[in-house]
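Have a look at the structure below before the remarks.
Just so you know, these numbers use all the heavy atoms, side chains as well, and skip hydrogens, waters and symmetry mates.
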Amino acid sequence: MTSQLVQSVDWLTIAPPVLTAAVALAVLVADLFLPPERKQVLGWTAIGGLTAALALLVPLRAGDRSTFCLTPDTRVTACSYTADHFTLVVQLLVLAGALLTALLSLDATREKTPAGARPSPRGQLPAGEYWFLLLSSAAGAALLPASRDLATLVVALEVASLPAFALVGLKRGDRRSGEAALKFFLSSVTATAVTLLGASFVYAATGTLHLTEIAQRLDDVPGQLQTLAEAGVALTLVGFAFKTAAVPFHFWVPDTYVGAPLPVAAYLSVVGKAVGFTGLILVTVVAFPSYADVWGPALAVLAALTMTAGNVAALRQLSTRAWSAVRLLAWSSVAQAGYLLVPIAAAAYSGNDQVGATVAYALMYAVVNLGAFAVVALVARVRPRNRIEDYRGLYAASPAAALALAFFLLNLAGLPPGIIGLFAKVTVFSAAVDAGLGWLAVVMALNVVIALYYYLHWTALLFRTPQEAPQEAPQEAPGEAPEEAPGETPAGAPEGAREGSVALHRSSAPITLAIALTAAAGAVLSGYPQFALRFATTTLF
């Protein structure tokens, strides 16, 4: 019987990414008609759209819906879009991450320079373009976990990635931003080319693009196509290793985070990472289980290299270096990618249930890392160079911000009172032990100890006595914004913000709300870690 393509569309199933994309188009059109003084409406529209997209996950909570299905011989169904529990959890992560990023971005997209403040070349972002790009990327990120064929997977990956290139380079008059965007673009385009080549080899060897059918047909590939199939699997994995910033494909991360606007760096550290790991999980666990003996050891080695390289580089950051706070979070992000790879590698040895540990860890990481970036964005309002040393004595100036940042850093370190961070690390550690990867568990334990130093060093600075900042700043490259002279208030900063203090007398309401939301979520998860960690013991597929 001839295969039949069922054209009926379940609109509720695809509603979260579709609504996000629709709001992006609405923002783009509205930007043409709104005067500059009313561009802030676009930001609140974006926030409303992301909130509505999150609400649309509620009717899908059963996790039993799919659409765009191919039904050959009326017996086996292969669908291109599936809203199972794995999809819903990742969509919750990426849409909530985009929503918090939007809150962090409201101040940066105000078109008008505050009265009395001098214009800054590292200043405001164009509102219309920014919100359109952010929503477009979020729509692609929400589509990716539901993708169940290679074509949809690659398209979703690029829809999430292409707007991110522009977001990184959106700061006006800042050469550092342009360089960061170029590095990010070149590395991602290379990853995409490698992924497409691998996907084409897999399609040539199996004759299908649907992940579940690929898994079945890879078990019975003709001998003359065996080498082609193996090359396709290897190239596809290499492409996603770029997206996850796994070593040795991590070189773009620190410069990209420093050059990007702070909200965009926060977005890339959470949503961008979730996109890469979601794609990696889908191609390994769903499409290539018959090659687990190949990708399992490879991912285990990548995990060890990634967490070690990230932690060692973070350890070497000088607290007095410009933008050292963002660089430390960037290298920390690389190290966290290594931890996230551990359960995926373990799935090759002990089954798909281990993948849940990656999801649980990603939820914890998303909450606390976005919270840390929110506090960094708050301090950057008075200290735009964002040295780690600038946080010395933050508790004396702003106790709430200091306590929140300390809580986030302790969660990343896996120390109390950050219980969710501790439990997430224990879950990942257990996944490695249960899979018989004792050597990887030892490497992870050593890396956790290394990370304690730089997390605790930063935390300790928050509660020390403030000191006068250095009088000489590192020389800027041409095209970069000059650092404010000693004793001078930065453009747009509250009065009273001077060298040697981090007074935050008139902090931003949206940023404060983002800090409060992430701190509350972290506290709830620390008090009830089973809410997130139950995904570590539940089969998601």
With rounding to the nearest 0.5 angstrom, report the [atom1] to [atom2] distance, [X] to [Y].
{"X": "N411", "Y": "Y365", "atom1": "CG", "atom2": "OH", "result": "13.0 Å"}
{"X": "Y81", "Y": "L143", "atom1": "OH", "atom2": "CG", "result": "6.5 Å"}
{"X": "L182", "Y": "D255", "atom1": "CG", "atom2": "CG", "result": "11.0 Å"}
{"X": "T208", "Y": "Y203", "atom1": "OG1", "atom2": "OH", "result": "7.5 Å"}
{"X": "T256", "Y": "L268", "atom1": "OG1", "atom2": "CG", "result": "7.5 Å"}
{"X": "Y339", "Y": "Y361", "atom1": "OH", "atom2": "OH", "result": "6.0 Å"}

Under a 3.5 Å distance rule, please check whether [X] uses its side chain to pair with a backbone N or O of [Y] as donor and acceptor.
{"X": "S188", "Y": "F185", "value": "no"}
{"X": "T244", "Y": "F240", "value": "yes"}
{"X": "S177", "Y": "V168", "value": "yes"}
{"X": "E213", "Y": "L209", "value": "no"}
{"X": "W252", "Y": "F249", "value": "yes"}
{"X": "N311", "Y": "M307", "value": "yes"}
{"X": "T358", "Y": "L340", "value": "yes"}
{"X": "T306", "Y": "A303", "value": "no"}
{"X": "T87", "Y": "T82", "value": "yes"}
{"X": "S324", "Y": "I388", "value": "yes"}

Would you say [X] and [Y] make side-chain contact, with heavy atoms under 4.5 Å?
{"X": "Y130", "Y": "V264", "answer": "yes"}
{"X": "V233", "Y": "V294", "answer": "no"}
{"X": "R148", "Y": "C79", "answer": "no"}
{"X": "L329", "Y": "W458", "answer": "yes"}
{"X": "S187", "Y": "F251", "answer": "yes"}
{"X": "F201", "Y": "T236", "answer": "no"}
{"X": "L135", "Y": "L50", "answer": "yes"}
{"X": "P16", "Y": "T20", "answer": "no"}

Polar contact flag, side-chain donor to acceptor under 3.5 angstrom, [X]-[Y]:
{"X": "S332", "Y": "Y455", "answer": "yes"}
{"X": "T206", "Y": "R217", "answer": "no"}
{"X": "Y349", "Y": "D434", "answer": "no"}
{"X": "K273", "Y": "S333", "answer": "yes"}
{"X": "Y267", "Y": "S137", "answer": "yes"}

field: Contact summary for L235 and G198, nearest pair of heavy atoms
entry: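 Looks like CB-CA, 3.7 Å.
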message: Salt bridge or not between K243 and E158? Use side-chain N to carboxylate O under 4.0 Å.
response: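 So K243 pairs with E158 through a salt bridge.
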task: State plainly whether the residues K183 and E179 are in salt-bridge range, i.e. N to O under 4.0 Å.
output: no
- prompt: H250 and ring pair (Phe, Tyr, Trp, His ring centres under 6.0 Å): which partner among F242, W331, Y257?
  reply: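 When ring pair (Phe, Tyr, Trp, His ring centres under 6.0 Å) is applied between H250 and each of F242, W331, Y257, only W331 qualifies.
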